[in-house]
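Here's the structure, in structure tokens; my notes come after.
These figures come from a predicted structure and were not determined experimentally.
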Amino acid sequence: NISNIIASSQKEQIYTLRRIVRHPQSRLYQVVSDVESYSQFIPYCVESAITERDLQTSQPTRAKIKVSWKNIDEMYESKLTCIEPREVFVESLNLNLFKTLYTKWDLEPLKGKEDEMCLLKLELRFSFNNPLYNIATKSFGPAFTSVLLKAFEER
């Protein structure tokens, strides 16, 4: 029944990945927290800028990001919480296309190989305002999460 499909499409989609990467925690943290560079390597991200930094730590606390895909263009502001060198949280504040958009990066050094590798845990949560977009993205959400992680690893 169509009302059941629409109701289930309103639920937030959550995708998580855990992967050992061949980069030290500090280097991976630099790439993840460098939001200004996102437009240079993340698929569909066409603009990215830091709009505010913490005065004491100089870590980014707000950013503007624009994504573009087919006929969809969305500019949104995000609140960032950067806990060097371990975690980066990105939560979108003003959204038109999305109801929610949240990313959490957790970077953990591997014991005995701290200078070479780390365990990366990525959580991506989102929900569109349009239920048809939610239905459409359920099929490629896991693949996009992998593509996103690969872009960060290659950077």
Are Leu120 and Leu17 grouped together when hydrophobic residues (ILVMFWY) are joined by side-chain heavy atoms under 4.5 angstrom apart?
yes
Qualifying residues under side chain to side chain contact (heavy atoms under 4.5 Å, CB included), relative to Val67, sequence neighbours excluded:
Ile65, Glu74, Tyr76
same_hphob_cluster(Phe41, Val32) at 4.5 Å side-chain heavy-atom cutoff
yes
By side chain to side chain donor-acceptor pair (under 3.5 Å), which residues pair with Asp115, not counting sequence neighbours?
none
Verify, without hydrogens or angle tests, whether Gln13 (side chain) and Asn134 (backbone) share a donor-acceptor contact under 3.5 angstrom.
yes
Taken in chain and number order and not counting sequence neighbours, the residues that satisfy side chain to side chain donor-acceptor pair (under 3.5 Å) with Thr51 are none
Taking side chain to side chain contact (heavy atoms under 4.5 Å, CB included) as the test, write out the residues that go with Glu84, two or more places apart.
Tyr29, Gln59
Distance col, row Phe126:CZ vs Phe98:CZ, nearest 0.5 angstrom, shows 7.0 Å
State which residues pass side chain to side chain contact (heavy atoms under 4.5 Å, CB included) with Lys113; sequence neighbours excluded, sorted by chain then number.
Leu110, Glu116, Met117
Co-membership, hydrophobic cluster, residues Val21 and Val88, 4.5 Å side-chain
yes
Quick one: does any side-chain atom of Ser48 pair with a main-chain N or O of Ser39 as donor and acceptor, under 3.5 Å?
yes
Check step by step if side chain to side chain contact (heavy atoms under 4.5 Å, CB included) holds for Lys66 and Asp73.
CA-CA 7 Å; Lys66 182 177 183 181; Asp73 284 315; 4.1 Å; yes
Run the side chain to side chain contact (heavy atoms under 4.5 Å, CB included) test on Gln40 and Arg155 for me, step by step, so that the C-alpha distance in whole Å, both residues' side-chain angles and the decisive distance to 0.1 Å come before the verdict.
CA-CA 9 Å; Gln40 297 172 21; Arg155 179 70 174 186; 3.1 Å; yes
Partners meeting side chain to side chain contact (heavy atoms under 4.5 Å, CB included) with Arg27 (sequence neighbours left out)
Pro24, Gln30, Val31
Tell me, please, which residues at least two apart from Glu77 pass side chain to side chain donor-acceptor pair (under 3.5 Å).
none
Side chain to side chain donor-acceptor pair (under 3.5 Å) with Ser26: which residues, sequence neighbours excluded?
none
What distance do Thr61 atom OG1 and Glu52 atom CD have between them, rounded to the nearest 0.5 Å?
4.0 Å
Kindly say whether Leu122 contributes a backbone atom to a donor-acceptor pair with the side chain of Thr16 at under 3.5 angstrom?
no
Separation between NZ of Lys64 and CD of Glu47, rounded to the nearest 0.5 Å
10.0 Å
Straight-line distance of Arg22 CZ to Cys118 SG, nearest 0.5 Å
12.0 Å
Apart from Ile83 itself, what residues make up its hydrophobic cluster when side-chain heavy atoms of I, L, V, M, F, W and Y under 4.5 Å apart count as a link, directly or indirectly?
Phe89, Tyr102
Linked hydrophobic residues, Leu93 as query - side chain contacts closer than 4.5 Å
none
Is there a chain of hydrophobic side chains (I, L, V, M, F, W, Y, each step under 4.5 Å between heavy atoms) that links Val46 to Val90?
no
Donor-acceptor contact present, side-chain Glu36 to main-chain Asp34, <3.5 Å
no
State whether the number of non-hydrogen atoms from other residues, nucleotides or ligands found under 6.0 Å of Arg18 atom CZ is greater than 12.
no
Membership question, hydrophobic clusters at under 4.5 Å side-chain separation (ILVMFWY): are Leu101 and Tyr15 in the same one?
yes
With salt bridge (Lys or Arg N to Asp or Glu O under 4.0 Å) as the rule and sequence neighbours excluded, what pairs involving residues 118-131 come up?
Glu12-Arg125, Asp106-Lys121, Glu108-Lys121, Glu123-Arg125
For Pro60 versus Leu80, what's the shortest heavy-atom pair and its separation?
O-CB, 3.6 Å
Enter the distance from Leu119:CG to Leu28:CG here, rounded to the nearest 0.5 Å.
10.5 Å
